[in-house]
Amino acid sequence: MSQIDPTRIEAIIQKLVSFGTRHTLSSQTDPVRGIGAARDWIAQEMRTFAAASNGQMVVTVPSFIQGPAPGIPNNTRISNIVATLKGSSDPNRVYVISGHYDSRVTDIMNSVDDSPGADDDASGVAVSMELARIMATHLPAATIVLAAVAGEEQGLYGADFMAQQLQAAGADVQGMFTNDIIGSSTADDGTVDPNNIRLFAQGMPTTDTPTQEAERASIGGENDSPARELGRFVAEVGTNDATNMTVQVIYRKDRFLRGGDHLPFLQRGFPAARFTEPHENFAHQHQDVRVQNGMQFGDLIEFCDIDFIVRAGRVNAAAIWSLAQAPGTPKNVSLDTSVLTNNSTLTWALGTDAGLAGYEIVWRSTIAPFWTHVIPVGKQSQATVLVSKDNAILGVRAVGANGYKSPAAYPFP
């Protein structure tokens, strides 16, 4: 985490701003202006980072032609830049961090005027790129994907393509984070909040069927979706003196009237969440660059807090490295409700992860937001604990011999 370089973060944002506009509909071929120039520069930088990995990190630029659709009037190439750091022992288990490199101004179809997009979302791309540089020389157990995607402002097209590709490849995506608008600690009223970052984590899963929704509601599991458990995990590993940040888990899929690149992952059943600065200034998002009534509008780098972005990067680093080094989240977790008892018996599939040391049952009261109690139960696939299932929320998490722990999995009857 200490390797995240504020000078490099600022230089990345400045370079992205220098392309004038990165609108998805802007030039794909101009070497100095437009989204094509930005794409090529990001890919070149990522390949430079990957060169230090001894072949462990591979950089690709998957692309597709998006036909006419909302926000896309004509056939348009959408390209992502994806740095994949292959896991050493569990390569099919995947964790993703992304930012979007496209930008916009007031008119979502304006692909001509300057659209600096410093906060939205050069800040998020800078974190993906800086983590790629740092992690290229490290070897995680599971696979880490660090990406910059396009088409977000027009309709999440790049992220949808990435999620589709991972699903088609059969990847076990156990966590995805989008960093979108993580560049400022200052609110529109001047309030400065430099040590907090929001993490939006969905409650009821998008992929639940009506029957599954009814079952989840009947047992009080609305607050324990995979995305919510991922959020709890990040708050646990990302709130500390090393990051100098507090992760504020927001129990909501996203902000009102807004959306982000985590949504296509949620739609495919992958746990995903969104990092965003604590207080947004909407005069610095989706705005034409102008001075109006003495106020500067526009997403300019002068409004970015580089040290804040560094701290946000540390939270991301702590989260994804802890996930990739831990065993995978337990699967097929169930709670025995066949008899009346004040004990709780949980079962789960015994993992095959290299370095799996055992499991812990975690629990909290039904009104507590985070896990408060931990019971080690060893390397087995069933355990009974002296906690009433009627009075508590329970979960199971895996523990590695290296001390890293997975997110918890919520049990169903």
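Values in this document were obtained by computation on a predicted structure and should not be read as measured data.
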Exam field: side chain [X] to backbone [Y], donor-acceptor pair closer than 3.5 Å:
X	Y	answer
Ser225	Pro205	no
Asp121	Gly99	no
Glu45	Met129	no
Ser27	Gly34	no
His373	Ile361	no

From the options Val127, Asn179, Ile97, Thr178, select the one residue that forms a side chain to side chain contact (heavy atoms under 4.5 Å, CB included) with Phe275.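 By the side chain to side chain contact (heavy atoms under 4.5 Å, CB included) criterion, Phe275 pairs with just one of Val127, Asn179, Ile97, Thr178: Asn179.
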Matching residue for Ser111 among Thr76, Val105, Ile35, Leu25 - test: side chain to side chain contact (heavy atoms under 4.5 Å, CB included):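 That would be Leu25.
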State, to 0.1 Å, how close Ala324 and Ala141 come at their nearest heavy-atom pair, and which atoms those are.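 Smallest heavy-atom distance, with atoms named: O-CB, 3.3 Å.
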Which pair of non-hydrogen atoms, one from Ser98 and one from Asp261, has the smallest distance, and what is that distance? OG-CB, 4.4 Å
Applying side chain to side chain contact (heavy atoms under 4.5 Å, CB included), name anything that partners [X], two or more places apart in sequence or on another chain.
X	value
Ala235	Val247, Val249, Phe370
Leu257	none
Ser103	Thr21, Arg22, Ser115
Val192	Ser185, Thr186, Pro194

So that I can tick it off, tell me whether Asp90 and Arg93 are bridged by a salt bridge, with the cut-off set at under 4.0 angstrom between side-chain N and carboxylate O. yes
side-chain hydrogen bond (donor to acceptor under 3.5 Å, both in side chains) partners of Thr209, counting only residues at least two apart: Gln212
Pairing residues for Ser381 by the side-chain hydrogen bond (donor to acceptor under 3.5 Å, both in side chains) criterion, not counting sequence neighbours: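 Scan of Ser381 (side-chain hydrogen bond (donor to acceptor under 3.5 Å, both in side chains), adjacent residues dropped) gives none.
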Apply the test side-chain contact (heavy atoms from CB on, under 4.5 Å) to residues Thr106 and Phe297: give CA-CA distance (whole Å), side-chain angles for both, the deciding distance (0.1 Å), then the verdict. CA-CA 10 Å; Thr106 304; Phe297 286 79; over 6 Å; no
To the nearest 0.5 angstrom, please state how far the [atom1] atom of [X] sits from the [atom2] atom of [Y].
X	Y	atom1	atom2	result
Gln174	Lys331	CD	NZ	4.5 Å
Gln285	Ser184	CD	OG	9.5 Å
Tyr101	Glu153	OH	CD	13.0 Å
Trp348	Leu335	CH2	CG	11.5 Å
Asp102	Asp120	CG	CG	8.5 Å
Ile13	Ile309	CD1	CD1	3.5 Å

Partner residues of [X] under the salt bridge (Lys or Arg N to Asp or Glu O under 4.0 Å) criterion, sequence neighbours left out:
X	value
Glu280	Arg198, Arg255
Asp180	Arg274
Glu360	Arg397, Lys405
Arg133	Glu130

Carefully, step by step, assess Thr347 and Ser334 under the rule side chain to side chain donor-acceptor pair (under 3.5 Å). CA-CA 5 Å; Thr347 60; Ser334 64; 2.6 Å; yes
Could you go through the side-chain contact (heavy atoms from CB on, under 4.5 Å) check for Arg216 and Met204 one step at a time? CA-CA 8 Å; Arg216 186 180 292 274; Met204 300 289 276; 3.5 Å; yes
Hey, are Asp299 and His286 close enough side-chain-wise for a donor-acceptor pair under 3.5 Å? no
Acceptor/donor pairs from residues 54-61 side chains to any protein atom, 3.5 angstrom cut, sequence neighbours excluded:
unit_1, atom_1, unit_2, atom_2, d
Gln56, NE2, Lys86, O, 2.9

Under the ring-ring contact (aromatic ring centres under 6.0 Å, His included) rule, what pairs show up with a residue in residues 39-90, not counting sequence neighbours? Phe64-Phe161
Applying side-chain contact (heavy atoms from CB on, under 4.5 Å), run through Ile375 and Val387 and close with a yes or a no. CA-CA 10 Å; Ile375 304 172; Val387 178; 4.2 Å; yes
Do Trp371 and Glu229 have side-chain heavy atoms sitting under 4.5 Å apart? yes
Find out whether His100 and Val149 are in side-chain contact, i.e. whether some heavy atom of one side chain is under 4.5 Å from a heavy atom of the other. yes
Run the numbers on Tyr410 and Arg228 for side-chain contact (heavy atoms from CB on, under 4.5 Å), then give the verdict. CA-CA 10 Å; Tyr410 180 75; Arg228 205 54 67 80; over 6 Å; no
Taking everything shown except Ile367 itself, do over 12 heavy atoms lie less than 6.0 Å from its CD1?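 Result for CD1/Ile367: open.
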